[in-house]
Amino acid sequence: MAQGLTCIRVPLDTPLDLEATLFSGQDFRWDREGDGYVGWLGDAPVLLQRAPSGLVALTSLPEGEAHARLRRFLRLDDDLDAIRTALAGDGVLARCMASWPGLRLVRLEPWPALAFFLCSQHAPIPRITRMLNALAQALGEPVVFLGRERWRFPTPTAIAGAGPERLAALRLGYRAEYLWRTACLLAQGRAHLDVLASLPTEEARRRLLALPGVGEKVADCVLLLGFGRTDAFPVDRWVRRALVEWYGLPPPYTERRLRAWAQERWGSLAGYAQLYLFHHRRTVHLLQ
DNA sequence: ATTTACCCTACATT
DNA sequence: AAATGTAGGGTAA
């Protein structure tokens with residue numbers, strides 16, 4: 001084992017499909033390396049590998065911290081069996097979940113989540129990944145892990161300091177201006193993400209919507225993935241298609257109307273429902 | 001409440 | 001072969 005690294009083992013009693021989980025548009029900062037995956041637990045690089053009975057993780061974090069962050073990232077304290085059972089009463093969701101038994105919801109840190117989904121608008125996953133990698137390499141702090149240099153995701157201050165032109169040069173397009181302005185507000189202390197954690201979802205949502213470049217879809221992604229609000233239900237074109245095609249909802253329904261329908265139906269598990277609907281609808285499309 | 005323009009990329013079609 | 005068209009995890013005017 002490499003020097004100074006901690007290896008932890010996490011037994012799992014529920015399925016875990018790392019490939020689906022890490023590349024399904026929830027997080028964008030993972031690389032396949034050998035039969036494992038290198039990504040991030042907050043600011044710490046980590047190597048994740050499946051083992052017969054669970055998961056093996058290699059990091060420079062102390063053991064306790066590594067366990068805590070991994071549990072948080074993969075939401076291992078959620079009772080996935082209970083969640084799946086509750087949702088499987090819905091035949092459509094039952095099929096989605098059966099197709100992707102190891103797909104899990106992840107949990108990100110608030111600031112990267114906000115930056116990720118600001119950049120995600122109107123872009124396919126490979127492009128989002130490129131934009132975020134470019135941002136990290138240009139403005140993030142370098143870390144050597146497993147013999148390679150990697151870059152932490154840049155802070156709001158680093159992005160604010162770069163200026164909109166430099167961000168645009170990273171091929172962010174019109175998102176450059178949004179990301180820069182939002183980073184400036186946070187860096188100057190004129191907006192705060194940490195306080196949102198203690199607010200009800202609707203109030204937190206209102207505050208996110210006040211940030212430049214944050215509309216309903218992005219706000220809901222930040223709530224779901226960055227703040228762990230499983231009652232949030234992001235409606236993008238894939239989810240819209242799923243609701244129209246599989247539940248017969250009228251195509252002209254507004255995003256707000258679709259969201260209200262889903263939250264009424266699935267309540268605090270709406271975010272889980274969204275994950276399975278989104279991923280299944282999208283992968284069905286990719287197979288065609 | 002609806003429509004439109006916005007930056008950029010990948011891929012299909014002509 | 002180069003040009004044109006289209007769709008893509010949306011937001012703000």
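Worth knowing before you read on, the calculation uses all heavy atoms, side chains too, and leaves out hydrogens, waters and symmetry mates. The chains referred to below are lettered A, B, ... by the order of the sequence lines, with proteins before strands, and numbering in each begins at 1.
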| field | Close approaches to DNA chain C from residues 99-106 of chain A, in residue order (heavy atom, under 4.0 Å) | value | none
| message | Can you list, in residue-number order, the parts of residues 243-267 of chain A that come under 4.0 Å of DNA chain C, counting heavy atoms only? | response | none
| query | In this structure, are over 12 heavy atoms from other groups packed under 6.0 Å from Glu149(A) atom CD? | reply | yes
| field | Tyr178(A) six-ring centre to Arg175(A) NZ/CZ under 6.0 Å and within 45° of normal | value | no
Mind calculating the distance between [atom1] ([X]) and [atom2] ([N]) to the nearest angstrom?
| X | N | atom1 | atom2 | answer |
| --- | --- | --- | --- | --- |
| Arg240(A) | dG10(C) | CZ | P | 11 Å |
| Phe117(A) | dG10(C) | CZ | C1' | 13 Å |
| Ile125(A) | dA10(B) | CD1 | C1' | 15 Å |

| message | For a quick check of understanding: with a heavy-atom distance under 4.0 Å over all strands, which category does Gln274(A) fall into, base, sugar-phosphate or nothing? | response | nothing
| said: Under 4.0 Å, counting only non-hydrogen atoms across every strand here, what does Leu211(A) touch: a base, just sugar-phosphate, or nothing? | reply: sugar-phosphate
| said: The criterion is salt bridge (charged side-chain N to carboxylate O under 4.0 Å, His left out); which residues satisfy it with Asp90(A), sequence neighbours excluded? | reply: Arg265(A)
| request: Treat primed atoms plus P, OP1 and OP2 as sugar-phosphate and everything else as base, then score nucleotides 3-9 of chain B 5' to 3': B for base contact with protein heavy atoms under 4.0 Å, S for sugar-phosphate contact only, - for none. | output: ----BBS
| said: Quick check on ring pair (Phe, Tyr, Trp, His ring centres under 6.0 Å): which of Tyr276(A), Tyr272(A), Tyr247(A) does Trp266(A) satisfy it with? | reply: Tyr247(A)
| Whole-angstrom distance between dT4(B) and dT6(C), as gauged at atom P | 16 Å
| query | For DNA chain C, which ranges pair as stems of 3 or more consecutive Watson-Crick or G-U pairs, with both donor-acceptor distances under 3.5 Å? | reply | B:3-6 with C:10-13, B:8-14 with C:2-8
| Is it true that Glu216(A) and Arg256(A) have a side-chain N and a carboxylate O under 4.0 angstrom from each other? | yes
| query | Does Arg69(A) come within less than 4.0 Å of Glu65(A), counting only side-chain N to carboxylate O? | reply | yes
| message | Checking one residue: Val244(A). Which other hydrophobic residues are in its cluster under the side-chain 4.5 Å linking rule? | response | none
